[in-house]
Amino acid sequence: MEAQPHILVVDDDREIRDLLSKFLERQGMRVAAARDAKEARRLWPLGRYHLVVLDLMLPGESGLDFAKWLRSQGDVPIVMLTAMADETDRIVGLELGADDYLSKPFNPRELLARVRAVLRRASGEGGSAKEPPAKAVRFGGWTLEPARRRLLNPDGAEVPLTGGEYELLQVLVERPNRVLTRDMLMDLLRGRQAGPFDRAIDVAVSRLRRKLEDDGRNPSLIKTVRGGGYVLAATVERS
Amino acid sequence: MSRWRFWPRSLAGRTALVLLLALTAVQAAGLTIHALDRVDLQRFAQAREISARAISAWRTVILAPADRRAQMLAELELPQGLSATLDDEPVARLDQPPIPPPIARMLRLDLLGGGPPRFRPREILTGWGDRAPTFLVSLRLPSGEWLNLRISLPPPRPWHSETFLIAFFAMTLAAGLLINWAVRRLTRPVRALAEAAERLGRDVNAPRMPEQGPTEVAKAAHAFNTMAERIRRFVGDRTQMLAAIGHDLRTPITRLRLRAEFMDDDEQRRKMLADLDEMEAMVTATLAFARDDSAGEPTVALDLAALCRTVLDEAADARPDLAERIGYRGPERLVVQARPVALKRALANLVGNALAYGSAAQLVLTGAEGPGRAVRLAVEDEGPGIPPDQLEAVFQPFRRLEASRNRETGGTGLGLPIARNIFRAHGGDVVLENRPGGGLSAVATLPG
């Protein structure tokens, strides 16, 4: 990975585009900005971009169609900016292969954190980013649906999770049967979770166990490892 | 009040009662006239019979040998209401009132005086007996004896006829059933209108009323549909306006957020970001209320117990200072059919209110006690509660209590209306109650 990540920002609002470019440049990134899909397509061959920040609501060609086109061009990570609380847009975006999403009006620092996390994952895990995102991940009878950010119990009933619980579960499910120390978990989660999470790993694990009907004293799914770590003891199937 | 104890409350009941009373009266009168007519006919026939028998009795007596007259008279079969005796004296006397002419005509007493001269009585005395209505006729035989006829016509008793009673009750019953059926049928549109108005109150997008039936009913239904359509358009316009404002505000808020990142004064930036957070919360709430997007979300099987704990955990993370006073009592698992995102928002609003105004949030979840019963969900706080007359008013959009404004606890004034909309869209409801021990309780129900 180059020292200076190259970001393409696609947003139709000039002020947001300029401010966002300035903001990301101040964080040590190189930024190119496009006002719509047409301009973005023109810019695309001119640079090697590490990540695209894409507004879903664009004049002319929609953000979704442009994302589809981007996917056909390679595996550049996409962070989508969606209309507020627009579930369907978000789900479609994530199923299309957006790596993360934020709803407008977003917090710039959270956007920065997500951009960095996506970049880290894309470079750190190398080839794994190439495989299409799983629609459903099954483990021990439970099902995690990443696009909808939801957990289904063995009977198919949705079990709501807090943001922290969901992020933790996703990290665990992505690395089954691997011991993750608290430090590793904190490191993996910090990029995704804005706000103080450090003290909450043990709390989140115990809450998660309760929701997974995992006996806290004798857990079978999320096991505690002597010396301060956790491991998901289950076979994980992706589909 | 007591005068109207039997006055039914419903329109159908009143109409039926009035119709039934009127019909009963008309029927009673009609049947009586009919019965009197028949009685007249009966009396006429009776009178004819009596007069014929009386004449035949006279013939028998006058033709019989003198010594056998009494015996032959006794052997005569006489109809009811007629008796004949041979006496030395007449029973009819001149001092008695005369037989009224219509009755005399009816009895055809004139026939007794007719016939061949040798059959004619030597003298005829008639009179109205002491014991009315006995009519007395005394006919003098050539021998000087008197044939005394006592005629008593039975009094007319039209209501004693069995057929009268049977007819009266049968007709009343038939009329009653018919009236009941017809009135129910006729007042059904009124009930349908009331139900439609009730439905419209709960759901602006309730289906239209069918515009059929009698002219007046169809007209009323049409007027109702027009009114509903206007309300729908009004609500729709308002919703669209709110949504547009909320939507358009997102761009400037995003710009301001970005701009705040370039501010050098950390304190000012912190304050500005806090203001922006508040603005965003208000825009989010307004959009949620305006779009009522819970309707678009699919209903799925959902662990309500896990949802409750999730909302409480998130609230505890956001307000660590109050974490000790946030708690859950209820089953470990409780699966219901619901819209997860909407229901979470509703619950978060209730818990958020409890924490903001009551500094505590104890959530008590109770499963449905049997089929058809509701799941009960109470969020209890330890605040001062709400004056009883305001318990319902706070569910109105943008309605905030004075106390809340003064304390600057913020809030959009949309939390409770949104929560109520969501619970009602699920077929449940939410109300506020002051707890006997102090504090407020938001009690929500969901179909089990």
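Letters go in sequence order (proteins before strands), and every chain restarts at 1. Computed from a prediction, not measured in an experiment: that's the story for all the values here.
By the neighbour-count criterion of 12 heavy atoms within 6.0 Å, atom CD of B:E267 is densely surrounded, having more than that number from other residues, nucleotides or ligands.
Heavy-atom distances place no part of A:D18 under 4.5 Å from chain B, backbone and side chain included. In this structure, chain B has a heavy atom under 4.5 Å from the side chain of A:R150, while its backbone stays farther away. When heavy atoms are compared at a cutoff of 4.5 Å, A:N153 approaches chain B solely by way of its side chain, counted from C-beta outward. No part of B:Q337 comes within reach of chain A, as not one of its non-hydrogen atoms sits under 4.5 angstrom from that chain. For A:I16, the parts lying near chain B are the backbone and the side chain together; criterion is any non-hydrogen pair under 4.5 Å.
Two residues are said to be in side-chain contact when any heavy atoms from C-beta on lie closer than 4.5 Å; B:R333 and A:V159 fail this criterion.
Between chain A and the options B:L273, B:T254, B:D303, B:V311, heavy-atom pairs under 4.5 Å are most frequent for B:T254.
Using a 4.0 Å cut-off between a side-chain N of Lys or Arg and a carboxylate O of Asp or Glu, B:R270 and B:D275 do not qualify as a salt bridge.
A cation-pi arrangement, defined by a distance under 6.0 Å to the six-membered ring centre and an angle within 45 degrees of its axis, is present between A:K22 and B:F262.
Side-chain N/O atoms of A:T224 and A:R209 include a donor and acceptor closer than 3.5 Å.
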